[in-house]
Amino acid sequence: MTDLQQEIDQEITWLSSIGLDDKQGTTRLLYDNHWVAAQHGLKEKFEQEGLETSFDVVGNLSGKLVGSKYPNEVVLTGSHVDTVVNGGALDGQFGIIASFIAIKHLKEKYGQPLRSLEVIAMAEEEGSRFPFAFWGSKNIFGLVDPEEVKDSVDSEGIVFAQAMEDAGFDFPEKKQPVRDDIHAFVEIHIEQGNVLENTGKQVAVVDSIVGQKRYDITLKGQANHAGTTPMGYRKDTVYAMSKMISEGIDDAKKEGDPLVLTFGHVAVKPNTVNVVPGEAFFTMDCRHTDGGALDKFTSNLVKRFKEIAKECDVEIEIDNWMDEEPVPMSKKIVSLLQEACAEANLNYTTMHSGAGHDSQIFAQHVPTAMLFVPSINGVSHNPDESTKLEDLTEGVKALIASLYKLAYQE
């Protein structure tokens with residue numbers, strides 16, 4: 001094991017242990033005791049390496065190596081410190097550890113950069129404790145009206161504002177000012193899919209993040225006796241739902257990559273063996289890197305669902321509750337990251353992200369790009385989440401090379 005591999009392994013083991021639960025996963029939710037311990041533990045590590053540390057109003061932690069020539073042009077790197085419930089050891093926190101190690105190594109080898117280098121451990125991205133996601137990154141750009149979350153409660157009935165105060169932060173009464181000193185943002189993350197593993201690549205430069213549309217769909221027919229209701233008189237919502245799902249998946253396969261379509265949650269009423277189901281509920285998640293293609297596919301599918309509902313004599317209600325546009329990364333930063341990987345002789349490729357990340361918030365305001373490392377079997381958001389240590393190390397090498405270009409070169 002090389003010194004760099006050992007360092008990466010030790011730091012990830014340390015951070016993932018904060019919030020280690022009885023199912024051998026990590027549960028570290030916004031403003032809970034484990035979150036507080038992790039942020040203050042990271043603050044201490046940053047300070048030990050001579051970085052200037054600070055918390056912003058909502059608890060985003062920064063560790064800065066001030067630049068000599070352009071101190072107000074910040075090359076920012078990092079990710080989110082929160083996890084899902086019973087999460088893995090890498091999602092979010094690998095990005096923080098990798099960024100910290102990269103800045104540490106750059107400082108040791110090259111000294112003070114021209115532009116300021118800053119690692120950030122963002123307060124929250126997952127939305128796992130309160131019904132709000134990207135709290136950390138959205139506050140960096142003044143995108144949050146505090147009234148949206150002030151009275152939100154978690155599963156234990158704790159109010160958002162109180163949780164924040166318990167963690168040592170005063171709840172903001174107004175939107176935060178937009179941070180205007182960020183020259184570029186680079187986030188490194190596990191892929192959370194199996195593209196890199198299947199193609200034998202160790203690193204990816206991410207050039208876009210998919211758009212997402214999510215729907216709640218409710219079908220209402222008539223619950224009736226399974227033995228005495230003839231087939232021709234039934235208003236069977238499961239039959240209608242099955243036709244919709246089957247046709248949807250068939251259409252998605254015909255459309256091909258990069259479109260993906262998922263029907264992830266299904267509920268039936270009365271859900272009894274001898275009753276024709278009178279109500280069915282299901283969700284639909286559709287993603288694509290092209291906003292126009294996403295709109296066209298989902299519009300056609302929704303139209304067809306309504307036709308099927310009419311054919312099956314059931315009512316349909318469709319709630320399109322999420323509609324996120326695809327987010328392209330900065331072409332300039334993507335190109336720079338590609339050059340850095342090529343010059344470092346890394347085994348890399350270029351791909352899009354099928355999952356959302358803090359970078360999709362940053363990319364709308366500052367030059368942004370991402371790096372991916374493989375996920376074993378594509379597993380994420382559970383304790384089995386894992387990446388080979390040599391792949392994590394190649395990712396850190398890619399980040400070091402990229403940050404050098406951004407912060408040490410004119």
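Position 1 is the first residue of the sequence; numbering continues from there. Both backbone and side-chain heavy atoms feed into the values below; hydrogens, waters and symmetry mates do not.
A donor-acceptor contact closer than 3.5 angstrom is absent between the side chains of Glu255 and His288. A donor-acceptor pair shorter than 3.5 Å cannot be found between the side chains of Gln222 and Tyr233. The closest side-chain donor-acceptor pair between Asp358 and Ser137 falls under 3.5 angstrom. The closest side-chain donor-acceptor pair between Gln202 and Asp391 falls under 3.5 angstrom. Between the side chains of Glu279 and Thr237, no donor N or O sits under 3.5 Å from an acceptor N or O. Side-chain atoms of His381 and Asp91 form a donor-acceptor pair, as typed in the model, at a separation below 3.5 Å. Donor-acceptor pairing under 3.5 Å is lacking for the side chains of Ser79 and Gln93. With 3.5 Å as the limit, one finds a donor-acceptor pair spanning the side chains of Thr27 and Asp21. Using modelled atom types, one finds a donor on one side chain and an acceptor on the other under 3.5 Å when comparing Ser62 with Glu118.
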| Are Tyr408 and Leu117 close enough, and set up right, to give a side chain to side chain contact (heavy atoms under 4.5 Å, CB included), and what steps lead you there? | CA-CA 9 Å; Tyr408 286 84; Leu117 267 173; 3.9 Å; yes
| task | Would you please test Thr368 and Ser330 for side chain to side chain contact (heavy atoms under 4.5 Å, CB included) and show each step? | result | CA-CA 5 Å; Thr368 298; Ser330 163; 5.6 Å; no
| said: Using the rule given for salt bridge (Lys or Arg N to Asp or Glu O under 4.0 Å), can you reason through Glu173 versus Lys150, listing the C-alpha separation, both sets of side-chain angles and the distance that settles it, and then say yes or no? | reply: CA-CA 9 Å; Glu173 296 300 327; Lys150 186 175 185 179; 3.7 Å; yes
| Test log, rule salt bridge (Lys or Arg N to Asp or Glu O under 4.0 Å), inputs Asp82 and Arg28 | CA-CA 5 Å; Asp82 69 313; Arg28 188 170 56 241; over 6 Å; no
| task | Please report the C-alpha distance between Lys306 and Ile318 in whole Å, then the side-chain angles of each, then the deciding distance to 0.1 Å, and finally whether the side chain to side chain contact (heavy atoms under 4.5 Å, CB included) criterion is met. | result | CA-CA 9 Å; Lys306 292 177 179 178; Ile318 301 175; 4.2 Å; yes
| field | Chi angles and distances behind the side chain to side chain donor-acceptor pair (under 3.5 Å) call for Ser375, Gln192 | value | CA-CA 6 Å; Ser375 295; Gln192 299 177 288; over 6 Å; no
| task | Step by step, work out the salt bridge (Lys or Arg N to Asp or Glu O under 4.0 Å) result for Glu7 and Lys104. | result | CA-CA 11 Å; Glu7 185 177 13; Lys104 176 185 172 184; 2.9 Å; yes
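Taking the salt bridge (charged side-chain N to carboxylate O under 4.0 Å, His left out) definition, one finds that Glu73 meets it with Arg115, sequence neighbours left out. Residues satisfying the ring pair (Phe, Tyr, Trp, His ring centres under 6.0 Å) test with Phe305, not counting sequence neighbours, are none. Scanning for side-chain contact (heavy atoms from CB on, under 4.5 Å) contacts around Ser386 gives Ile376, with sequence neighbours left out.
At least one side-chain heavy atom of Leu406 sits less than 4.5 Å from a side-chain heavy atom of Ile333. Between Thr350 and Gln338, some side-chain heavy-atom pair lies under the 4.5 Å cut-off. Residues His365 and Leu143 have side chains in contact (heavy-atom distance under 4.5 Å, counting atoms from C-beta outward). Lys175 has its side chain out of reach of Val144: every pair of non-hydrogen atoms, C-beta onward, lies at least 4.5 Å apart. Residues Lys397 and Leu4 are in side-chain contact: their nearest non-hydrogen atoms beyond the backbone lie under 4.5 Å apart. Between Leu261 and Phe297, some side-chain heavy-atom pair lies under the 4.5 Å cut-off. You'll find the side chain of Asn139 stays beyond 4.5 Å of the side chain of Val57, heavy atoms only.
Residue Trp135 is tested with Phe130, Trp35, Phe160 for a ring pair (Phe, Tyr, Trp, His ring centres under 6.0 Å); the sole match is Phe160.
Here the closest non-hydrogen pair linking Ala398 and Cys341 is CB-SG, 3.9 Å. Pairing each heavy atom of Val373 with each of Gly395, the nearest pair is CG1-CA, 3.6 Å. Heavy-atom minimum distance, Gly356 versus Ile209: CA-CG2, 4.3 Å. Shortest non-hydrogen contact noted between Pro270 and Pro277 is CD-CA, 4.2 Å. Nearest heavy atom pair, residue Gly354 against residue Val210, reads O-CG2, 3.5 Å. Of all heavy-atom pairs spanning Glu156 and Asp154, the tightest one is N-OD1, 2.9 Å.
A donor-acceptor contact shorter than 3.5 Å links the side chain of Ser116 to the backbone of Pro71. Thr77 contributes a side-chain N or O that, together with a main-chain N or O of Val186, makes up a donor-acceptor pair within less than 3.5 Å. Asp295 places no side-chain N or O within donor-acceptor distance of the main-chain N or O of Gly292, the cut-off being under 3.5 Å. In this structure a side-chain-to-backbone donor-acceptor pair under 3.5 Å is present from Glu124 to Gly127. Under a 3.5 Å cut-off, the side chain of Asp145 and the backbone N or O of Glu148 do not form any donor-acceptor pair. With Ser246 contributing its side chain and Ser242 its backbone, the two residues share no donor-acceptor pair below 3.5 Å. Looking at Glu197, its side chain does come within 3.5 Å of a backbone N or O of Asn377 through a donor-acceptor pair. Distance alone, capped at 3.5 Å, places no donor-acceptor pair between the Glu47 side chain and the Glu44 backbone.
Put simply, OG on Ser335 and CE on Met329 are 15.0 Å apart, with the number rounded to the nearest 0.5 Å. Asp166 CG to Ile158 CD1: the interatomic distance, rounded to the nearest 0.5 Å, is 7.0 Å.
The pair Asp323-Lys213 counts as a salt bridge, with a side-chain nitrogen and a carboxylate oxygen less than 4.0 angstrom apart. For the pair Lys253 and Asp251, the salt-bridge criterion is not met [side-chain N within less than 4.0 Å of a carboxylate O]. Comment: Glu410 does not engage Lys405 in a salt bridge, judged by the lack of any side-chain N to carboxylate O separation of less than 4.0 angstrom. Classification of Lys220 and Glu317 as a salt-bridged pair holds, one side-chain N sitting under 4.0 Å from a carboxylate O. Ionic pairing of Arg304 and Glu307 is present here: one or more N-O contacts between side-chain nitrogen and carboxylate oxygen are shorter than 4.0 angstrom. Note on Glu49 versus Lys45: no salt bridge recorded, every NZ/NE/NH1/NH2 to OD/OE distance being 4.0 Å or above.
Other residues, nucleotides and ligands contribute more than 12 heavy atoms inside 6.0 Å of the CZ atom of Phe282. The environment of CD in Glu390 is crowded: more than 12 heavy-atom neighbours from other residues, nucleotides or ligands sit within 6.0 Å. When the shell of 6.0 Å around CG of Asn33 is examined, it contains 12 or fewer heavy atoms from other residues, nucleotides or ligands. The local environment of CG in Asn198 is crowded, with over 12 non-hydrogen atoms from other residues, nucleotides or ligands closer than 6.0 Å.
If you look at Phe372 and His357, their ring centroids are closer than 6.0 Å. If you look at Phe55 and His40, their ring centroids are closer than 6.0 Å.
For the pair Lys64 and Phe46, the cation-pi criterion (under 6.0 Å, within 45° of the ring axis) is not fulfilled.
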